[in-house]
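Working notes, beginning with the structure itself.
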Amino acid sequence: MPEYSLRIPSHATSPLIARDFVTSVLHAQQLGAIVDDAALCVSELVTNSCVHAAGTGPGLLLVTNPVGMRATVYDGDVTLPVMREGLDPECGRGLWILDSLTEGRWGAERRGWRAGRTGEGGKGVWFELGTRGPSGCGR
């Protein structure tokens with residue numbers, strides 16, 4: 001399964017950069033049916049990372065298969081995200097959007113960018129879209 005990664009600086013343009021990256025990869029992999037939802041979900045996660053996590057910026061890992069994809073946004077903050085009780089129309093809608101578009105196929109885990117390197121802390125927030133594939137994404 002192809003893997004694509006991108007290190008994104010923490011900047012106002014970061015969500016746009018992440019959306020463009022995901023859109024390009026999914027079109028190239030002929031997964032156009034999930035492009036809009038994937039771009040929105042990645043944008044929400046990158047925005048959350050830039051707003052709430054201190055550090056140099058998020059990392060994005062995108063894994064595709066012929067029928068879907070899994071994206072993980074990593075940052076240096078170990079605090080796992082929690083979906084707020086009740087929908088606030090002013091803020092905190094990102095995880096509600098993510099949960100709705102992925103039909104609950106998302107989660108978070110404590111481990112840093114390129115997990116496995118000694119001394120890296122942080123978390124990864126992931127989501128899956130598309131048909132559940134044979135392995136990897138869409139589990």
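Legend: residues meeting side chain to side chain donor-acceptor pair (under 3.5 Å) with Trp126, ordered by chain and number and at least two apart, are absent. Residues meeting the side chain to side chain contact (heavy atoms under 4.5 Å, CB included) test with Asp20, sequence neighbours left out: Leu16.
Residue pairs that meet the side chain to side chain donor-acceptor pair (under 3.5 Å) test with at least one member in residues 9-19, sequence neighbours left out, are His11-Thr13, Arg19-Ser43. Annotation: side chain to side chain donor-acceptor pair (under 3.5 Å) contacts involving residues 21-37, sequence neighbours excluded, comprise Tyr4-Gln29.
Looking only at distances, no side-chain donor or acceptor of Ser100 sits under 3.5 Å from a matching main-chain atom of Trp96.
Ala38 and Val22 make their closest contact through CB-CG1, 3.8 Å (heavy atoms, listed as atom of the first residue, atom of the second, distance). Between Val78 and Gly122, the shortest heavy-atom contact is CG1-N, 3.6 Å. The two residues Pro58 and Val46 make their nearest non-hydrogen contact at CG-CG1, 4.0 Å. The shortest non-hydrogen separation linking Leu95 to Met83 is O-SD, 3.5 Å.
Within the 4.5 Å cutoff, the side chain of Leu98 has no heavy atoms near those of the Glu44 side chain. Between Val125 and Asp75 the shortest side-chain heavy-atom distance does not fall below 4.5 Å. You'll find the side chain of Asn65 reaches within 4.5 Å of the side chain of Met1, heavy atoms only. Leu60 is listed as a side-chain neighbour of Val42, based on a closest heavy-atom distance under 4.5 Å.
Hydrophobic clustering, defined by side-chain heavy atoms of Ile, Leu, Val, Met, Phe, Trp and Tyr closer than 4.5 Å, leaves Leu80 isolated from every other such residue. Ile97 belongs to a hydrophobic cluster whose other members, connected by ILVMFWY side-chain contacts under 4.5 Å either directly or through intermediates, are Leu40, Leu101.
With respect to Glu103 and Arg105, no salt bridge is recorded, no charged nitrogen being found less than 4.0 Å from a carboxylate O.
For the atom pair CD (Glu128) and CZ (Arg70), the distance works out to 5.0 Å, reported to the nearest 0.5 Å. The distance from the CG atom of Asp99 to the CZ atom of Phe127 is 12.5 Å, given to the nearest 0.5 Å. To the nearest 0.5 Å, atom CG of residue Leu62 and atom CG of residue Leu26 are 5.5 Å apart. For the atom pair CG (Asp77) and CG (Asn48), the distance works out to 11.0 Å, reported to the nearest 0.5 Å. Taken to the nearest 0.5 Å, the CH2 atom of Trp106 stands 11.0 Å off from the SG atom of Cys41.
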_Met69/Val63 under side chain to side chain contact (heavy atoms under 4.5 Å, CB included): CA gap, chis, key distance, verdict_ = CA-CA 6 Å; Met69 52 80 61; Val63 181; over 6 Å; no
